[in-house]
Amino acid sequence: MLVVALMMLFGGSHTVWAQAPTITIEQKGFTFDVVPLTGDAPASVFYDYRALQAHTGFETAGRSVLFFYQNTQTGMLSLVAVHGAPALDVTNSTGIVRFIIDRLPRSSFLEVQDDPQDQYEFAPPIATLRWKWHTGRTDGVVISDLGDDFDFRIAPHFIQGVNDWVLLSQEPNGSVRNTVLPELNQTLSFRSGAAAGRGVRADFSIHPSGNIHTFTPLAFDASSSLAPDGSEIMIYEWDFDGDGLFDAQVERPIVSHQYQQSGRVSVTLRVTTRGGTTSTVSKELIILSQIGARGIRHISTPTAMPEHTFRVTLTLHIEQDMAGLGVEEIWPQGWIVEAVQNDGSVLKPERGQWVFANTLTRGDTKTIVYDVTIPHVDFLNGLPNYFEVEGVMTANLPRFVSQIDGESQVEIASCLSTPVALAHYDFNTQNIDLRLSETISARQLAYAQGLWFEGGDLPATCFNGVDIQAFQIVRSYHNLEISVDQPLPNGGLLRGVRVHRSILTNLPNAELYRGGRDLIRFRVQLDIDILRDLESLAITEILPSDWEVLAPSLLDVVYHSSNHEWLVLGPLMAGQRRSLVYDVVVPQSTPANDYYIRGSTVLPDSAFSEVTAGSSHLSVVDCLSILIAVSHWELETDTINLAMDNMIQSSQAVTAADYWLYDRPIPGTCGELIDLKTLQLVTNYALSGVPVDEPLPENYR
């Protein structure tokens, strides 16, 4: 019946199925190929929006359908979403859905906005669509002019009213295939044209990993290559020497190969699927001579400063008997190398070369320790800057050359980060020694806690103290026993979100006045920058216990009033900015004092919390300054009116002059009299039209 209805709607005209493009859709490891429905009328005609709902023939209660439609007259391709009537088992029988779409073609536009009262934020390549519909109704959208080469994705959030999400695809015989998506709230990716070829991806690894040496059998493993769901890779072709000719063509992903000469080579893998789709990847390898010894380098700090000294440790593992082992470490010119431990070798410091005169036996381990002093900043080509060391081991009996592995890079900067400076803090000298360990000790952690509580500067950090965020970071390094040259799990504290707080009060300087007629009230705005895709995030605000928070009800935000917690429901896309706004009512009985709001954000996939940045301080006051009091002076009642702005009107200035003349106190100032100098300021603010919380223009000073 559905096919008949489609043919009747378009006068029996029907394009050949093969002419419509195939679109690849992926969701959480599953891949689906769909073909657009076709007809000789615009997508808006097919949608047939009337009586506040769609009439496509696909409307089903509790089900959201998604399909592509192609107008055979113009070739225009559209994406159509139709949300059926809300499922009957949902409270209030209301449907609520949100789509966040990114990487949309810039040519795309909204052809149908089902129920224009819904929220449509459409600015390709980004779009945010929010629907709310009721019993007996449907909702949806048509996005048109997608072109024939696109790669976009939809992050869905089916809040209520929908139980199934279904893809529609046109079959060769004109029927429509329904595919229920495996996940209701997982991101969908859409690819067509050249982008659809990305469904196959060539990749490979080499075993054993690490340094590659001549005459060593190597396994080249292409098992990590991917093919679209429903297909498979049939042929693996390998070019091992980069000459453009494939040296091996096999049906299995793993082949063996060894190199007889050292040097730099490019290896290329080409994979071909059953359908003939190909993908190619190339990787560059360095082939070393047969190994006789292995060297590992450790540098005592990831960051150093000019004219400071850090320490390098070389651990040499002897793999076979040898004579005349030489080691060379090449640092930039002007860097000074000094031996700490040679372990039987002789150092030539001006060249950074060590030679072992004695025969070394297989299984021996030798350790060379040396210090490096960085020259003056004038020799470093600006800061910050990164510098690398190149190290090799050589021998004649047997003959081999081997690179030294391990750490090789040091950043030179004017200041150290808090974790690096703390790990190298020397309690004996009360200064920084970059030769110390890169782990934070219990004593160093206690020192950081003292700086956080009591204030004070940490040496070598450009006079930066230890704030709560920095303290949480160094505490994490200590608790997890991770050296400061390594990243914290999930990127540490700044792993997915950044939150900034703004406090908005009626009075300047974040003041709250207790003597007004109205409630003491102010507003807080939290601006949330999403740094990576998230399923949700939780925000906590800590205020004095008797202050009342008034949070508005939002579609995708859950507020827990007893703990002042907000759960922001996802999916949240990287690059988004969200804002949460709430009002606070302060009791009139609150003592005049300074108060603070603290807050943090927690992500569901991490044990760390992000401290909210921005404004945090407020002052509850009984007495206003004369300038602020005059700007909020309601002359008819001779009282302070907080609803007034921070501008001084001419009538307020004239009345202030009368109060100066007769020595009468200004209301709201706790009996303070206005003097001549302050009266002049009042007059100048009234004449200039500048708010009292901003400086006067030069000609009014």
Side-chain angles (χ1 to χ4, degrees), residues 210-211 288 291-319 322 325-332 334-358 360-375 386-395 400-413 416-417 419-426 428-429 431-441 444 460 477-478 481-487:
N211 284 342
L288 304 175
I291 190 168
R294 291 184 297 110
I296 305 295
R297 181 190 304 102
H298 172 73
I299 301 175
S300 65
T301 181
T303 309
M305 296 178 297
E307 302 181 84
H308 279 65
T309 301
F310 59 89
R311 180 155 292 177
V312 179
T313 302
L314 302 178
T315 304
L316 312 179
H317 301 280
I318 310 304
E319 301 288 342
M322 67 177 62
L325 175 65
V327 177
E328 183 174 15
E329 291 275 89
I330 304 174
W331 287 96
W335 296 40
I336 300 173
V337 172
E338 295 182 276
V340 176
Q341 175 181 319
N342 291 332
D343 204 0
S345 64
V346 178
L347 168 66
K348 190 174 184 178
E350 63 272 16
R351 297 293 300 274
Q353 296 174 337
W354 290 259
V355 175
F356 290 88
N358 297 328
L360 302 178
T361 305
R362 178 180 179 181
D364 285 349
T365 298
K366 295 293 183 179
T367 302
I368 293 175
V369 181
Y370 66 94
D371 287 344
V372 179
T373 300
I374 305 161
Y386 288 89
F387 297 88
E388 291 191 357
V389 57
E390 295 182 6
V392 295
M393 296 182 295
T394 60
F400 78 91
V401 177
S402 179
Q403 289 183 326
I404 297 176
D405 295 331
E407 298 170 345
S408 62
Q409 189 177 76
V410 178
E411 180 189 22
I412 309 302
L416 301 179
S417 68
V420 172
L422 189 65
H424 294 94
Y425 182 75
D426 187 342
N428 294 324
T429 64
N431 214 323
I432 300 300
D433 185 348
L434 296 176
R435 297 169 294 184
L436 297 180
S437 167
E438 293 177 285
T439 59
I440 295 176
S441 67
Q444 289 167 333
Y477 273 112
H478 171 76
E481 298 180 347
I482 297 176
S483 61
V484 295
D485 64 338
Q486 301 297 319

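Here, residue 1 is the first one in the sequence, and each next residue gets the next number. These numbers come from a predicted model, not from an experiment.
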Gap between atom CE of Met393 and atom CG of Leu316 - 0.5 Å precision: 6.0 Å
Thr439 side, atom OG1; Leu422 side, atom CG - distance, nearest 0.5 Å: 10.5 Å
Nearest heavy-atom neighbours spanning Pro306 and Ile374: CA-CG2, 4.0 Å
Note, Leu416 side chain near Met305 side chain (heavy atom, < 4.5 Å): yes
Atom of His424, atom of Ser300 and distance for their closest heavy-atom approach: NE2-O, 2.8 Å
Shortest non-hydrogen separation from Glu407 to Asp485 and the atoms involved: OE2-OD2, 2.7 Å
Heavy-atom pair with the smallest gap, counting every atom of Tyr386 and Glu411: CE2-CB, 3.5 Å
Salt bridge (charged side-chain N to carboxylate O under 4.0 Å, His left out) pairs, two or more places apart, involving residues 338-355: none
Side chain to side chain contact (heavy atoms under 4.5 Å, CB included) partners for Ser345, two or more places apart: Asn342, Trp354, Phe356, Ile368
Spatial distance of atom OG1 (Thr315) from atom NZ (Lys366) [nearest 0.5 Å]: 12.5 Å
Donor on one side chain, acceptor on other, Ser483 and Gln486, under 3.5 Å: no
Spacing of OG1 belonging to Thr301 relative to CZ belonging to Phe310, to within rounding of 0.5 Å: 8.5 Å
Tyr370 side chain reached by Leu347 side chain, heavy atoms, under 4.5 Å: no
Heavy atoms of other groups near Glu390 CD, more than 12 under 6.0 Å: no
Side chain to side chain contact (heavy atoms under 4.5 Å, CB included) partners of Asp426, counting only residues at least two apart: Asn428, Thr429, Asp433, Leu436
Pair Val312-Val337, side-chain contact (heavy atoms from CB on, under 4.5 Å): steps then yes or no: CA-CA 10 Å; Val312 179; Val337 172; over 6 Å; no
Sub-4.5 Å side-chain heavy-atom contact between Ile318 and Leu325: yes
Least distance between heavy atoms, Gln353 atom then Glu328 atom: NE2-OE2, 3.3 Å
Pairs meeting criterion salt bridge (charged side-chain N to carboxylate O under 4.0 Å, His left out) with involvement of residues 297-316, two or more places apart: Arg297-Glu329, Arg311-Asp371
Results of side chain to side chain contact (heavy atoms under 4.5 Å, CB included) for Glu481 - residues two or more places apart only: none
Smallest separation among heavy atoms of Arg294 and Glu319, with atom names: NE-OE2, 2.7 Å
By ring pair (Phe, Tyr, Trp, His ring centres under 6.0 Å) - contacts of Phe387 (at least two apart): Trp335
Value rounded to 0.5 Å, distance of CE in Met322 from CG in Asp364: 9.5 Å
Heavy-atom side-chain contact between Val372 and Ile299 under 4.5 Å: no
